[in-house]
There are 2 protein chains.
Amino acid sequence: MDDRLPRYLKLRDEIAARIAALEWLPDQPLPTELDLSQAYGVAIGTVRKAIDVLEQEGHVERFQGRGTFIRRASFDQSLFRFFRFQRADGQRRPPQSRILARDVLPPPTAIAMSLKMSIEQIAAGAPTIRLSRLRIVGEQPLVREQIWLPHAPFSALADLPLPEFADLLYPMYEARCGQVVARASERLTIGEADEDDVEKLQLAPGAPVVVIERTAFAHDNRVLEWRVSRGAAAHFSYEIEIR
Amino acid sequence: MDDRLPRYLKLRDEIAARIAALEWLPDQPLPTELDLSQAYGVAIGTVRKAIDVLEQEGHVERFQGRGTFIRRASFDQSLFRFFRFQRADGQRRPPQSRILARDVLPPPTAIAMSLKMSIEQIAAGAPTIRLSRLRIVGEQPLVREQIWLPHAPFSALADLPLPEFADLLYPMYEARCGQVVARASERLTIGEADEDDVEKLQLAPGAPVVVIERTAFAHDNRVLEWRVSRGAAAHFSYEIEIR
DNA sequence: AAGTGGTCTAGACCACGGT
DNA sequence: CCGTGGTCTAGACCACTTT
């Protein structure tokens with residue numbers, strides 16, 4: 001704790017720590033701004049500025065009249081950020097998901113590193129859960145994914161019958177494992193269709209493929225998930241605003 | 001002007017209009033917050049909130065002790081956002097630019113639309129300036145670009161001898177034409193190497209190519225430039241934070 | 001030393017959501 | 001109706017830049 005920091009930033013850190021400690025879940029409001037100002041002995045304007053920062057960082061969301069709430073990432077439309085793909089009727093619905101396989105196994109070193117597993121865990125052969133998944137819009141397989149989860153917080157998913165997996169995983173992480181995804185970081189590259197791409201996505205061998213590697217984080221910066229998604233480059237389109 | 005809008009947003013709009021009217025250039029400070037609060041008859045906190053918004057939108061930049069200034073876009077590193085490419089010594093320097101050609105001509109309709117030219121202008125065959133450019137890091141040609149500019153504001157560049165073009169265009173737009181780029185929007189897709197790519201970027205025919213279309217805007221939302229950049233997909237890598 | 005934006009306070013009133 | 005966050009005020013003091 002740096003005494004040179006302004007009060008509102010110190011307060012931000014204190015509240016961020018309580019968020020990281022899971023003191024509130026996305027459906028429970030934080031204390032009101034007045035309560036916080038009294039509890040920490042600062043003016044309400046200072047509390048507001050601290051929460052401004054947390055809001056900009058994506059940790060909380062404010063609703064006038066209701067309160068301030070922990071924010072959950074909502075990437076329902078995330079595939080559509082990268083792939084233009086519409087159903088015949090022009091609608092955008094979350095793609096269907098088909099789990100092809102689930103394995104419980106110690107991860108390759110590179111993936112253990114991406115999951116920020118400790119040296120001890122890696123040496124001890126700590127297991128992970130690997131999901132292989134196909135995402136389908138209409139009848140067309142669009143993207144195939146491999147998803148790696150640390151076993152401990154997600155053990156409930158190691159035994160769940162495959163048919164009970166929903167189309168969207170993040171709500172399941174929250175409902176079944178109490179894990180809230182707060183943010184993610186992604187890396188895009190271009191590769192070539194491998195044998196599985198040819199078979200599962202019906203691509204020509206060697207066709208260009210967009211590869212998206214995503215690391216998803218909790219509010220306390222624990223890595224919750226590492227996934228790699230592959231889809232035909234022909235469908236790829238991505239738009240950015242630069243300021 | 002909507003009377004239901006809070007005061008700080010109305011004030012934001014007033015200042016934004018003055019920015020759009022080029023009342024200040026990036027090196028001249030805006031009036032101080034105290035001056036603005038007196039000029040508009042609001043409290044200084046309200047002025048600060050209005051400027052907060054303008055700062056978030058990327059219109060202005062604040063410097064404690066110096067003042068508040070119009071922001072210029074600085075995409076010096078913009079190619080490196082998309083292409084991993086290092087010099088032998090690991091440094092990242094802005095790529096060199098070689099202008100291959102400059103033409104003054106009426107644009108194809110699609111590009112006239114992208115430049116937001118009016119129907120009348122298009123019908124009258126209003127000219128544009130087209131630059132063909134190669135961007136080179138070390139000895140390696142990395143990206144080739146076609147850049148289209150509306151003729152009127154950029155006429156100074158229609159006559160400038162090609163050797164006087166600098167590696168970075170946006171500072172030239174400002175210095176020679178008084179045009180400040182405030183923001184841009186980009187669209188990424190994947191294509192195949194065409195004949196020019198094969199020749200100028202030394203790619204195999206049909207090799208995957210990343211295509212970046214950029215529209216650059218002034219503070220008043222005039223389109224200043226439309227450009228398309230093409231580079232080998234093999235060098236492509238892009239990272240995003242999602243919140 | 002003078003002038004700028006940054007922090008902090010204390011309090012009033014407004015707009016919205018749920019009871 | 002009450003409680004929430006949102007707006008607005010007036011003023012004090014701090015940190016930094018320039019003269």
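Just so we're on the same page: letters track the sequence lines, and every chain starts at 1. Values in this document were obtained by computation on a predicted structure and should not be read as measured data.
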Can you label the angle between the A:F236 ring and the A:F82 ring as parallel, tilted or perpendicular, going by 30° and 60°?
parallel
Can you say whether the rings of A:Y238 and B:Y238 are parallel (under 30°), tilted (30 to 60°) or perpendicular (over 60°)?
tilted
Within the 4.5 Å heavy-atom criterion, are A:F83 and A:R135 side-chain neighbours or not?
no
Mind checking whether B:R7 and B:Y40 have side chains closer than 4.5 Å, heavy atoms only?
no
List the protein contact pattern of nucleotides 14-19 of chain D with one symbol per nucleotide (5' to 3'): B for base contact, S for sugar-phosphate-only contact, - for none; contact means a heavy-atom distance under 4.0 Å.
-BBSS-
Footprint ends on DNA chain C, 5' to 3', for atoms under 4.0 angstrom from a heavy atom of chain B, come out as C:dG3 to C:dT7
Grab the NZ-C1' distance between A:K49 and D:dG5 for me, whole Å please.
18 Å
Figure out the CG/P separation between A:L34 and D:dC2, and round it to whole Å.
16 Å
Check ion pair A:E145-A:R133 (N to O, under 4.0 angstrom):
yes
Is a salt bridge present between B:E213 and B:R187, judged by a nitrogen-to-oxygen distance below 4.0 Å?
yes
With a 3.5 Å distance limit and no angle check, can you tell me whether B:Q28 reaches the backbone of B:L25 through a side-chain donor-acceptor pair?
yes
Would you indicate, yes or no, if D:dG5 has its OP1 or OP2 atom less than 4.0 angstrom from a side-chain nitrogen or oxygen of A:T68?
yes
Which atom names give the shortest non-hydrogen contact between A:Q96 and A:G138, and what distance separates them?
OE1-O, 4.2 Å
Quick one: label A:R48 by what it contacts on the DNA or RNA (base, sugar-phosphate, nothing), any heavy atom closer than 4.0 Å.
base
Which sits closer to the 5' end of DNA chain C, A:L9 or B:P31, going by the nucleotide each is nearest to?
B:P31
